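Have a look at the structure below before the remarks.
It should be emphasised that the depicted structure is a prediction, and the values quoted were computed from it without experimental measurement. Both backbone and side-chain heavy atoms feed into the values below; hydrogens, waters and symmetry mates do not.
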Amino acid sequence: MSHPQKNDPAETNLTEADLVIVGAGMVGMTLACLLAPSGLSIKVLESRPLDLSRVGEAESAQRKVGFDPRVSALTAASQQVLTVAGAWSFMRQMRVSPYKAMDVWDGEGTGNIQFSSAELHEPCLGHIVENRVTLTALYQASAGLPNVELIDNAQLISLSEQIAGRRLLTLSSGAEIDAGLVVAADGAMSRTRQMAGIAMWEWDYGHHAIVTTIKTELPNRATCRQRFTEDGPLALLPLQTETGQRDSQLSSIVWSTSPDHARELMELDDSAFCRALELAIEGRLGKVIETDQRSVFPLRQRHAKQYVKPGFAAIGDAAHTIHPLAGQGVNLGLMDAAALAEVVLQAVEREEDWSSEYILRRFQRARHSDNLQMAASMEGFKQLFNSEQPALRLLRNVGMNLMNGTPLVKNHLVQQAMGLSGNLPALARRPVVD
């Protein structure tokens, strides 16, 4: 094989791979599992050291309720992708929390809208799953794949341009990897994307998000709740400690608010924070009895101006981040993984040059505009609900109530949000049952 600046393998510890995924998070591992049937040799690099037998245990052990604060609201489309990847069955053996209803209201007005799985004749609207559960399941699914190699404690320090169809990755250990395709899946601050020279659109939402797990006086009834406050949206996501449980008193929260307010909330002791949260959700779950350790992080919107270059692609947070108010961040990343896997699998089957920019642009066309539209929608919602103008406040309240009274429109929208309809990668579509 031709190679950019290739040296003697014995001297440089050079290895080869058809495809290298940088970042062993949920999106990167999903891509690796989806691509395994291609027969391509796949290496997944993770900068951190991993003990795959104890993923997430240390953090969970420090939590009062045993739940990690970072959770995702996985759609039906994401469930299908994770099923194809071989992870969903492992996730079910651990812990997933199906939710059957949603209740959204404007805390500064009278607007209210509810969604129910029963109206759609579906078993649930989606699942709340701890990120560590999804990741652990993906590691388990990948363990039996002979052409997928996970390499931890592997820090990428340089990435060459594509020369003669190959790229050279150099690791901090001195090891080098000769690859046909490099995929950045290493998060919002992706160094791999930066090394590839892909520019970003980026701006600050003016929000910080507080995440934690709480226990309430009343059970969550498998219902997601979201209140739009004057400072930003507050979401309560129902958690279950046992499969099939409907009376759990545990919920995960994502409280998006101004940086000053977030700082004030983080400085409160637990009892004061519980009281503040109880007021913010208008007592809909009774008293907030207990809160776990809180974490806070700033919210920024980012979007890559392009997703691909010759022998290179960016997916998930490495390509885009959005406001968490609709819980779509991880779902968008999983759709990226499914779309890229579909493009590569088809190209391999047709004996096309699957690492060429020409082929990779099929993935970019499939995902770039959809992700931009979602980002624009989230920005629009944020601006609409942040506005204190009386006309806009009236408009949003009338609109919510009108939609709530129009089942056909409401159910069409929620079906799209669930990934039951719309422009989906083939790997995310439910199989047709005769």
Side-chain angles (χ1 to χ4, degrees), residues 17-44 74-88 134 137-138 141-142 145 147-148 165 179-185 193 304 306-320 328-374 416 418-433:
D18 291 316
L19 190 145
V20 173
I21 301 167
V22 184
M26 292 184 287
V27 175
M29 290 304 302
T30 297
L31 177 64
C33 292
L34 293 177
L35 283 175
S38 68
L40 297 173
S41 60
I42 301 166
K43 294 183 186 294
V44 186
L74 298 177
T75 64
S78 291
Q79 178 182 341
Q80 178 61 25
V81 169
L82 291 165
T83 299
V84 176
W88 186 255
T134 304
L138 285 163
S142 69
L145 302 175
N147 58 328
V148 175
L181 175 61
V182 177
V183 179
R193 181 197 67 228
Q306 62 191 95
Y307 290 177
V308 302
K309 280 191 168 186
F312 181 86
I315 61 175
D317 283 356
H320 48 77
Q328 289 297 316
V330 170
N331 294 303
L332 294 181
L334 294 176
M335 294 307 104
D336 289 350
L340 181 56
E342 180 182 343
V343 166
V344 173
L345 288 168
Q346 288 179 351
V348 169
E349 183 179 357
R350 297 168 182 169
E351 298 184 349
E352 297 175 317
D353 184 2
W354 46 268
S355 67
S356 70
E357 187 175 14
Y358 173 77
I359 297 296
L360 294 174
R361 280 179 179 170
R362 297 173 185 172
F363 155 68
Q364 181 168 284
R365 286 193 296 271
R367 296 301 303 155
H368 198 264
S369 61
D370 282 359
N371 289 336
L372 271 176
Q373 289 176 15
M374 178 61 73
Q416 284 195 314
M418 290 172 62
L420 295 174
S421 63
N423 183 28
L424 294 170
L427 294 173
R429 299 173 196 153
R430 286 182 178 177
V432 177
V433 180

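Within the model, atoms CD of Glu342 and CE of Met335 stand 11.5 Å from one another, a figure rounded to the nearest 0.5 Å. One finds the CD atom of Gln364 at 11.0 Å from the CG atom of Asp336 (value rounded to the nearest 0.5 Å). From Phe312, atom CZ reaches atom CD of Gln306 across 9.5 Å, with rounding to the nearest 0.5 Å. For the atom pair His368 NE2 and Arg361 CZ, the distance stands at 12.5 Å (nearest 0.5 Å). Summarising the geometry, atom CG belonging to Leu181 is positioned 11.5 Å from atom CD1 belonging to Ile359; distances are rounded to the nearest 0.5 Å.
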ask   = Could you go step by step and tell me if Arg429 and Gln80 meet the side chain to side chain contact (heavy atoms under 4.5 Å, CB included) rule?
value = CA-CA 7 Å; Arg429 299 173 196 153; Gln80 178 61 25; 5.9 Å; no

task = Given side chain to side chain contact (heavy atoms under 4.5 Å, CB included), test Val22 with Val183 step by step and report yes or no.
result = CA-CA 6 Å; Val22 184; Val183 179; over 6 Å; no

Worked check of side chain to side chain contact (heavy atoms under 4.5 Å, CB included) between Leu40 and Val344 = CA-CA 10 Å; Leu40 297 173; Val344 173; 3.9 Å; yes

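You'll find the side chain of Leu82 reaches within 4.5 Å of the side chain of Leu138, heavy atoms only. In this structure the side chain of Phe363 reaches within 4.5 angstrom of the side chain of Val308, judged on heavy atoms. Within the 4.5 Å cutoff, the side chain of Tyr307 has no heavy atoms near those of the Ile315 side chain. Between Asp18 and Asn147 there is no side-chain heavy-atom pair separated by less than 4.5 Å. Considering only heavy atoms from C-beta on, Met29 stays 4.5 Å or farther from Met26 through its side chain. Side-chain contact check for Ser41 versus Leu19: every heavy-atom pair is 4.5 Å or farther apart. Counting heavy atoms from C-beta outward, Leu74 and Asn331 have side chains that approach closer than 4.5 Å. Within the 4.5 Å cutoff, the side chain of Thr75 has no heavy atoms near those of the Leu334 side chain.
Residue Ala76 comes nearest to Arg430 through the heavy atom pair CB-NH2, 4.0 Å, listed as atom of the first residue, atom of the second, then distance. Residue Ile21 comes nearest to Gly28 through the heavy atom pair CD1-O, 3.7 Å, listed as atom of the first residue, atom of the second, then distance. Scanning both residues, Ala85 and Ala141, for their nearest heavy atoms gives O-CB, 3.7 Å. Closest approach of Leu360 to Ser355, counting heavy atoms only: CD1-O, 3.6 Å. What you find for Leu345 and Leu35 is that their closest heavy atoms are CG-CD2, 4.1 Å. Nearest heavy atom pair, residue Ala32 against residue Val44, reads CB-CG2, 3.7 Å.
Partners of Pro37 according to the side chain to side chain contact (heavy atoms under 4.5 Å, CB included) rule, which considers only residues two or more places apart in sequence or in another chain, do not exist here. Glu352 is linked by a side-chain hydrogen bond (donor to acceptor under 3.5 Å, both in side chains) to Arg362, counting only residues two or more places apart in sequence or in another chain.
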